[in-house]
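Just so it is clear, the model here is predicted, and its values are computed rather than measured.
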Amino acid sequence: MIDVSPFVNSLNGKPVAVFGLGLSNMAAIKALVAAGASVTAWDDNTSRHDEAAILGASLKGLSAKDLSIYGCLVLAPGVPFTHNPHAVVVAAQDSGIEILCDIEILHRCDHGVKTIGITGTNGKSTTTALIGHILNACGIHAAIGGNIGTPALALDLPRAEKGAIVLELSSYQLDLCTTFAPDIAVLLNLSPDHIDRHGNMDGYVAAKKRIFRGAGAAVIGADDDLSIALAAEIKGVRNVYQISATDDAVQGLDIPTLRGTHNHQNMAAAYQVAQLMGLSHDDIIAAMHSFGGLAYRQFLVRVMGAVSYINDSKATNADAAAKALDSFTNIHWIIGGRAKDGGLSGLEHYKDRIECAYIIGEAADDFAKWCLKNDVAYEMCGTMDQAVAKAHDHTQGVTVATTVLLSPACASFDQYSGFEARGDDFTAHVMNLEEGAA
């Protein structure tokens, strides 16, 4: 757990308001209380109120209050902030108190550890995990967290002279950072996403751009026009290193856990960061080869006969799903959930790779129309158990390499608490299939 005493001391004895009781804010409550802060917390969903109370928080509604007695509002990143803001945001703004998140608190704790921040529309989790793996494999103690795995304030802080903090950062988190400035800032790519949060694409890009405030080195993808334009904008202000899926350093690498051309961009970014951290080419490449992959990003769950079952639950938009569709053939594709803007638009290019689509969730009717329009066979399944069962039935006895791919191109919140729960449900149903049936 991070010692947040420097941050708490800066509040001059004022209590802290915490709204939203997800993992990051529960870790924040624990750290704040340990540092001597008085914490008042609330969530409109009361299911975690008891847990927050056990950690030492007082439970009190905050949305309709004068919040001027508080030193700040620690806001869960998922709470609407800039576009159609939640009532607690309005209350905090009207009261003139600062609104921030755990990433900003970490930055204000004078920890002295080199920080690497990774953002982008797609590839954040893989690149964050890969950078952390390379550093740890090469003797640099890397604490990995943020929007992936361990919340920032629950990390085991490495020694400053021999470690690094590697953080995946969403646009939601960056929205809530006013001074956070990683030593190395990585932006992989930009494509439309989270428009409901940011109002429009300009708002989304502006949130991502905040990662470059004060960054000593900026590693930026050069495979899309928006990222190229952003790199040109900050050149001269930051040391910019542009990376691409076509970079020589990662061409020809055959790493089973990093399949697909999109992963070459992730590898190129990780390679550049590792070099900036002083590691050699040979050590970086050797570490990449020992990377185990991510459980929700093109993760091989099981092989039954000629059929591979792939968990790509983290593909929450069409651009992410495209990366998986480009990596496999003879695909039985499980899709659906809560659709993002644009739905499946742009995936027409991959229709010849798809044997059948199995549609679940809220987006079912719209996704069925896309399948009809693009002459893609489909089954209306509704739920994951039905989708896995039908895909399994359709692949019985195949003799050519075939993939049952969960790559939903949707958010998960219509049926699940998050993409992890969705991926776990897929894995559970796959593991329950009878051995030897396919």
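Expressed to the nearest 0.5 Å, how far SG of C356 lies from CH2 of W333 amounts to 11.5 Å. The CG atom of N263 lies 7.0 Å from the OG atom of S327; values are rounded to the nearest 0.5 Å. How far OG1 of T261 is from NE2 of H264: 8.0 Å, rounded to the nearest 0.5 Å.
Contact between V4 and A31 at its shortest, heavy atoms only, is CG2-O, 3.3 Å. For the residue pair E168 and S125, the shortest heavy atom distance occurs at OE1-OG, 2.6 Å. Considering all non-hydrogen atoms of both residues, V16 and C72 come closest at CG1-SG, 3.9 Å. The two residues D223 and A245 come nearest to each other via the heavy atoms OD2-N, 2.9 Å.
In this view, D326 and R353 satisfy the salt bridge (Lys or Arg N to Asp or Glu O under 4.0 Å) rule, not counting sequence neighbours. Judged as a ring-ring contact (aromatic ring centres under 6.0 Å, His included), and not counting sequence neighbours, W370 has no contacts.
Between E348 and K351, none of the side-chain N atoms (NZ, or NE/NH1/NH2) sits under 4.0 Å from a carboxylate O, so this pair counts as no salt bridge.
Residues D425 and Y416 meet the side-chain proximity criterion, which asks for heavy atoms closer than 4.5 Å. L167 is listed as a side-chain neighbour of I165, based on a closest heavy-atom distance under 4.5 Å. Using a 4.5 Å cut-off on side-chain heavy atoms (C-beta onward), T329 and T403 make no contact. Put simply, the side chain of R159 does not reach to within 4.5 Å of the side chain of H141, judged on heavy atoms. For the pair I103/H107, no side-chain contact is recorded, criterion being any heavy-atom separation below 4.5 Å from C-beta on. Taking 4.5 Å as the limit, some side-chain heavy atom of L21 sits within range of a side-chain heavy atom of I29. At least one side-chain heavy atom of F180 sits less than 4.5 Å from a side-chain heavy atom of T115. Residues E355 and T395 are not in side-chain contact: their nearest non-hydrogen atoms beyond the backbone lie 4.5 Å or more apart.
Counting only distance, with no hydrogens or angles, the side chain of N374 and the backbone of V376 share no donor-acceptor pair below 3.5 Å. For the pair R338 (side chain) and E362 (backbone), a donor-acceptor distance under 3.5 Å is absent. No donor-acceptor distance shorter than 3.5 angstrom exists from the side chain of Q265 to the backbone of T246, with no hydrogens or angles considered. For the pair S171 (side chain) and A207 (backbone), a donor-acceptor distance under 3.5 Å is absent. Remark: the backbone N or O of F291 is paired with a side-chain donor or acceptor of T257 at under 3.5 angstrom. The backbone N or O of G423 lies less than 3.5 Å from a partner atom in the side chain of N311, making a donor-acceptor pair. When atom types are taken as modelled, the side chain of S412 and the backbone of G418 share a donor-acceptor pair closer than 3.5 angstrom.
Looking at S313 and R422, their side chains do bring a donor and an acceptor atom within 3.5 Å of each other. Between the side chains of D424 and Y296, at least one donor N or O sits under 3.5 Å from an acceptor N or O. Between the side chains of N330 and T402, no donor-acceptor pair of N or O atoms lies under 3.5 Å. Using modelled atom types and a 3.5 Å distance limit, the side chains of H133 and S290 yield a donor-acceptor pair. Judged purely by distance below 3.5 Å, without hydrogens or angles, the side chains of Y271 and D247 never pair a donor atom with an acceptor atom. Side chains of S47 and N45: a donor-acceptor N/O pair is present below 3.5 angstrom, by distance only. A side-chain donor-acceptor contact under 3.5 Å links S280 and D283. Of the N and O atoms on the side chains of T119 and K124, not one donor lies less than 3.5 Å from an acceptor on the other residue. Under the 3.5 Å distance criterion, with hydrogens and angles disregarded, a donor-acceptor pair is assigned to the side chains of N122 and D319. Checking H262 against Q298 by side-chain atom types alone, a donor-acceptor pair falls below 3.5 Å. N266 and T126 form no side-chain donor-acceptor contact under 3.5 Å, judged by distance and modelled atom types alone.
For CG of D225, the number of neighbouring non-hydrogen atoms (other residues, nucleotides, ligands) closer than 6.0 Å is 12 at most. Atom NZ of K340 sits in a crowded spot, with more than 12 heavy atoms from other residues, nucleotides or ligands closer than 6.0 Å.
Taking the ring centre of Y358 as origin, the terminal cationic atom of K390 falls outside the region bounded by 6.0 Å and 45° from the ring axis.
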Check the pair N189 / S227 against side-chain hydrogen bond (donor to acceptor under 3.5 Å, both in side chains), numbers first and verdict last. CA-CA 6 Å; N189 45 62; S227 297; over 6 Å; no
Walk me through it: do H111 and D3 pass the test side-chain hydrogen bond (donor to acceptor under 3.5 Å, both in side chains)? CA-CA 9 Å; H111 52 72; D3 178 10; over 6 Å; no
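With I116 as the fixed residue, the side chain to side chain contact (heavy atoms under 4.5 Å, CB included) test singles out one of V219, V166, L276, T127: V166.
Note on ring orientation: taking the six-membered ring where Trp is involved, the planes of H392 and Y309 are tilted (angle from 30° to 60°).
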